[in-house]
Amino acid sequence: MATKLAALVVLVAFLAGPAACEGVTICFNGWLRLPLLNTLLCRGSGIPRKPAPPPSGLGLVYGYYNYNSSTSRSYCPGAEGIVRGAVEKAVAANRGIGAGLIRLFFHDCFVRGCDASVLLTTTNSKNSDTEREGPPNKNSLRGFEVIEEAKAAIEAVCPNTVSCADIVAFAARDASYILSDRRINIAMPGGRYDGRESFATETDQLPGPFSNTAQLQESFTAKGLNSEAMIALSGAHTIGSARCMFFSSRFPEMDPAFAAKLKGQCNGNDNTNVDQDYMTPDVLDKQYYQNVIDNKVLFTSDAVLSSTETIKEVKENANMPEAWERKFERAMENMGKIEVKTIGNQQGAEIRKVCSRVNN
Ligand code: HEM
C-alpha cells in the first residue's frame with residue numbers, strides 16, 4: 001500500500017507542471033483530465049507566478065544567413081530557400097505536415113527556448129527520455145523528416161553554418177504562409193544556436209488540452225507572451241488534427257450536432273485522429289474563432305476562450321480576419337525569440353551537424 005502511494009506521489013510530481021504548481025500544492029498542468037481534483041486542489045491556478053518579460057530576441061537578425069561578408073561564419077544565402085523548398089514539397093504531399101511544423105516550433109520554443117531541443121534523441125547528458133518522449137510530444141509531433149531533409153541539403157552546401165533551431169523557425173513561417181494561402185507572412189529573424197540538452201520532464205511547461213484560462217495565461221506569461229498573443233496563437237487549431245482522448249470527455253458540453261459527428265468519428269477509440277476545424281481543416285484562417293463562439297471546438301483549452309475575460313478578443317479575431325493575421329504574425333515572431341541562444345558556445349550551444357543529435 002505504502003509503495004503504491006509512493007509511486008502515485010512520484011507520478012503526480014512528474015505530471016505536475018511548474019506552470020501550475022506552487023509550494024506544496026500539487027496541480028495538474030492540463031495534460032490529464034482531472035478537472036474536479038484540479039478545481040479542488042488548485043483554486044484557479046495557484047499563486048500567479050511573476051510574468052516573464054517579453055522575449056527580446058537579442059542577437060537575432062532578419063536575413064541572418066544572407067549577410068554578405070566573406071568573414072561571416074553564418075553566410076549561407078541559399079538556406080532559407082532550401083527550407084522553403086522542403087516545406088513546399090512536404091505540404092503539397094500532405095497539408096497535415098504543415099500543421100505539424102507549426103506545432104513543432106511552438107513545442108520547441110516553450111521548452112528551453114527555441115534551440116531545437118525538441119528534435120534531439122541523443123544529448124550531451126546521454127539521457128534517452130528527451131522532449132520527444134514527453135506526454136505532449138510522444139506519438140504526436142510530426143514533420144521531423146522535413147527538418148532533417150532541409151538540414152541535409154543545407155549541410156551539403158554550407159557545412160556547420162545553419163542551426164536546426166533556425167530551420168524549425170523558418171519551416172513554421174513557411175508552413176504558415178502556404179497553409180494561409182499566402183495571407184500570413186511572418187518576419188522571422190535567424191541567428192539561433194542549437195542546445196545540447198533535452199529532457200522529457202520539461203515538456204510539462206507546455207499547456208495541456210484540459211487547461212483552464214488561468215493555466216493557459218500562466219504558461220504563456222511565463223514565456224513573456226501576453227493574453228492577446230495566447231489567443232492569436234490558439235488560432236493555429238484551425239488546422240491539423242487531434243486524438244479523441246483529448247476531447248471525448250467533453251461531448252456533453254459541445255454543440256450537440258458537432259458532438260454527435262465527432263462521436264461517430266471517434267467510435268470509442270481514443271487514438272483516432274479528427275480534424276480540429278470541421279469547416280476548413282487545411283486552411284490557416286480565422287474559422288477557429290467562429291468555432292469557439294459556436295461551441296464547436298475540441299479541447300477545454302479552446303472552449304474556455306469563450307469566457308468573459310477572453311471573448312471580446314475572440315470576437316474581434318472572428319470578425320476582423322486581417323487584424324488576426326497580423327496578430328498571429330507578430331506572436332509567432334515573438335515566440336521565436338523565447339530564451340534564444342545567440343552567442344554559441346558561450347551558452348553551451350552549437351550548430352548541430354544532424355538535427356536529432358548533439359555534435360559529440
Ligand atoms: C493554448 C494552448 C494549447 C494547447 C493546450 C494545445 C494542445 C494541443 C493538443 C492536445 C493537440 C492534439 C495533439 C494530439 O492529438 O496528439 C494540438 C494540436 C495542434 N496544435 Fe496545439 N495547443 C495549444 C497551443 C498551440 C499553439 C500556440 C500552436 C501553434 C502556434 C498550436 C498548434 C497546433 C497544431 C497545428 C496542431 C495540429 C498538429 C498536427 O496535426 O500535427 N497549438 N494542440
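Just so you know, these numbers use all the heavy atoms, side chains as well, and skip hydrogens, waters and symmetry mates. Positions are given from 1 along the sequence. Numbering of ligands and ligand atoms starts at 1, following listing order. Since the model is a prediction, treat every value here as computed from it, not as a measurement.
- Relative orientation of the Phe251 and Phe247 rings is perpendicular, given thresholds of 30° and 60° on the angle between their planes.
- In the candidate list Arg243, Gln217, Gln276, Gln215, Gln276 is nearest to atom 36 (C) of ligand 1, counting heavy atoms.
- Closest to atom 35 (C) of ligand 1 among all protein heavy atoms lies Ala99 O, 3.2 Å.
- The distance between the ring centers of Tyr278 and Phe258 falls below 6.0 angstrom.
- Near Gly208, with a cut-off below 4.0 Å to any heavy atom, the atoms of ligand 1 are 5 (C).
- Judged as a salt bridge (charged side-chain N to carboxylate O under 4.0 Å, His left out), the pairs with a partner in residues 229-255 (not counting sequence neighbours) are, in order, Arg250-Glu253.
- Under 4.0 angstrom from ligand 1, the non-hydrogen atoms of Phe299 all belong to its side chain.
- Both tests pass for Arg132 against the ring of Phe144: distance under 6.0 Å to the centre and angle within 45° of the axis.
- Among all protein heavy atoms, the one lying closest to atom 27 (C) of ligand 1 is Leu233 CB, 3.6 Å.
- Annotation: atom 2 (C) of ligand 1 to nearest protein heavy atom, Pro207 CG, 3.5 Å.
- Taking a 4.0 Å cut-off on heavy atoms, Phe105 fails to register as neighbouring ligand 1.
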Step-by-step side chain to side chain contact (heavy atoms under 4.5 Å, CB included) determination, Gln205 to Phe110: CA-CA 7 Å; Gln205 293 170 56; Phe110 261 55; 5.6 Å; no

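- Counting heavy atoms closer than 4.0 Å to ligand 1, residue Leu216 contributes side-chain atoms (C-beta onward) but none from N, CA, C or O.
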Decide yes or no on side chain to side chain contact (heavy atoms under 4.5 Å, CB included) for Leu179 and Asp285, but give the supporting numbers first. CA-CA 9 Å; Leu179 292 182; Asp285 59 8; over 6 Å; no

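- Residue Gly100 has at least one heavy-atom neighbour below 4.0 Å for each of these atoms of ligand 1: 41 (O).
- With sequence neighbours left out, Ala152 forms a side-chain contact (heavy atoms from CB on, under 4.5 Å) with no residue at all.
- Atom 14 (C) of ligand 1 has its nearest heavy-atom neighbour, among Cys244, Ser140, Ser176, in Ser140.
- When heavy-atom distances to ligand 1 are checked against a 4.0 Å cut-off, Arg142 comes that close only through its side chain, counted from C-beta outward.
- Looking at residues two or more places apart in sequence or on another chain, you find no ring pair (Phe, Tyr, Trp, His ring centres under 6.0 Å) involving Tyr288.
- Neighbours of atom 21 (Fe) of ligand 1 restricted to protein N, O or S atoms under 2.8 Å: the count is 1.
- Glu325 and Lys286 are not joined by a salt bridge, as no carboxylate oxygen comes within less than 4.0 angstrom of a charged side-chain nitrogen.
- Listed by atom number, the atoms of ligand 1 under 4.0 Å from Trp31 heavy atoms are 10 (C).
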Could you walk me through whether Phe199 and Thr130 pass the side chain to side chain contact (heavy atoms under 4.5 Å, CB included) test, one step at a time? CA-CA 4 Å; Phe199 302 100; Thr130 60; over 6 Å; no

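- Ligand 1 places these atoms under 4.0 Å from at least one heavy atom of Phe220: 1 (C).
- A 6.0 Å sphere centred on CZ of Arg326 holds more than 12 heavy atoms belonging to other residues, nucleotides or ligands.
- Only one option out of Asp194, Asn160, Asn360 pairs with Lys353 in a side chain to side chain donor-acceptor pair (under 3.5 Å); it is Asn160.
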